[in-house]
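Keep in mind the model is a prediction, meaning the values are calculated, not measured.
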Amino acid sequence: MSSPSLGEASALITAAQQRALALGKAFSVAVVDYGGYTVAIERMDGARPMTPSIALAKAYSAAVMQRPTIMLKNWSNSDPVFFGQVGRMGHQPIVATGGGYTLKRDGAILGGLGISGGSPEEDEEIARAVVAEAGFDLDFPAWAGAKKGENHG
């Protein structure tokens with residue numbers, strides 16, 4: 001299985017940072033491989049101190065759960081005790097919020113992208129746009145507990 005190269009990770013980070021600047025905000029952006037291990041992470045000047053850790057948790061979650069993090073929300077809400085336990089099992093926390101997007105190409109999970117620094121909606125909007133522009137797949141099977149028609153982030 002392949003992973004995003006450092007060059008590809010850098011391009012994703014640059015694209016996200018450009019969108020953050022257009023919003024007038026400072027973000028942190030992380031890219032991980034399919035196992036959730038860091039390929040690259042950058043914190044923009046002025047980004048809040050926790051944003052790199054949050055971006056990394058979002059990227060990790062999107063990679064190892066093989067779904068955008070926003071798709072995990074129904075699972076988190078429907079079974080919070082189990083979700084909380086699973087969320088602490090890996091080497092990063094698993095989070096269920098906007099801004100984490102699975103990097104999938106031709107059906108293969110390559111890694112994850114995580115963005116932190118704006119509202120969950122802003123983080124999600126930037127993550128989805130950057131992933132789409134880079135040519136990654138945007139369709140994911142529904143997660144357990146998902147409402148009918150809810151098959152992607």
Side-chain angles (χ1 to χ4, degrees), residues 1-23 25-44 47 51-77 83 86-153:
M1 189 165 282
S2 65
S3 298
S5 68
L6 181 57
E8 191 166 30
S10 295
L12 290 167
I13 289 170
T14 298
Q17 289 173 336
Q18 289 171 344
R19 288 178 172 276
L21 288 171
L23 290 176
K25 296 188 175 188
F27 284 66
S28 288
V29 185
V31 178
V32 301
D33 67 13
Y34 65 90
Y37 291 96
T38 306
V39 176
I41 185 167
E42 286 191 25
R43 177 177 170 240
M44 295 172 68
T51 59
S53 296
I54 296 167
L56 187 56
K58 289 178 180 185
Y60 173 81
S61 300
V64 301
M65 300 309 288
Q66 302 182 348
R67 307 269 187 307
T69 54
I70 198 134
M71 289 184 74
L72 303 176
K73 196 80 175 137
N74 284 335
W75 176 31
S76 171
N77 291 339
F83 184 87
V86 170
R88 293 188 300 271
M89 288 181 180
H91 62 271
Q92 294 291 331
I94 294 176
V95 296
T97 187
Y101 228 90
T102 308
L103 301 177
K104 181 173 87 166
R105 188 173 284 135
D106 299 324
I109 305 298
L110 304 177
L113 169 75
I115 297 182
S116 179
S119 68
E121 295 79 17
E122 289 168 331
D123 293 353
E124 177 68 16
E125 181 181 325
I126 290 173
R128 184 175 173 84
V130 166
V131 167
E133 286 171 2
F136 289 99
D137 299 345
L138 295 177
D139 290 323
F140 297 87
W143 192 257
K147 297 179 185 118
K148 188 172 177 103
E150 190 178 79
N151 65 347
H152 57 75

Minimum heavy-atom separation for Pro4 to Val32, with atom names? CG-O, 3.8 Å

Of all pairs that satisfy side chain to side chain donor-acceptor pair (under 3.5 Å), the ones with a partner from residues 9-23, not counting sequence neighbours: Gln17-Glu42, Arg19-Glu133

Going by heavy atoms in the side chains, are Tyr101 and Leu138 under 4.5 Å from each other? yes

Value for CD1 (Ile70) from CZ (Phe140), rounded to nearest 0.5 Å, stands at 13.0 Å

Distance in Å, His91 NE2 paired with Tyr37 OH, rounded so as to fall on 0.5 Å steps: 4.5 Å

So the salt bridge (charged side-chain N to carboxylate O under 4.0 Å, His left out) pairs with at least one residue in residues 2-16 (sequence neighbours excluded) are Glu8-Arg105

Could you name each residue pair satisfying salt bridge (charged side-chain N to carboxylate O under 4.0 Å, His left out) that touches residues 111-123, not counting sequence neighbours? Lys25-Glu122, Lys58-Asp123

Who are the side-chain contact (heavy atoms from CB on, under 4.5 Å) partners of Ala16, not counting sequence neighbours? Val29, Ile115, Ile126, Val130

Does Lys104 use its side chain to pair, donor to acceptor, with the backbone of Gln66 at less than 3.5 Å? no

Within the side chain of Ser61, is there an N or O that forms a donor-acceptor pair under 3.5 Å with the backbone of Thr69? no

Using the test side-chain hydrogen bond (donor to acceptor under 3.5 Å, both in side chains), find all partners of Ser28 that sit at least two apart in sequence or belong to another chain. Thr51

Sorted by chain and number, sequence neighbours left out, side-chain hydrogen bond (donor to acceptor under 3.5 Å, both in side chains) with Glu125 holds for none

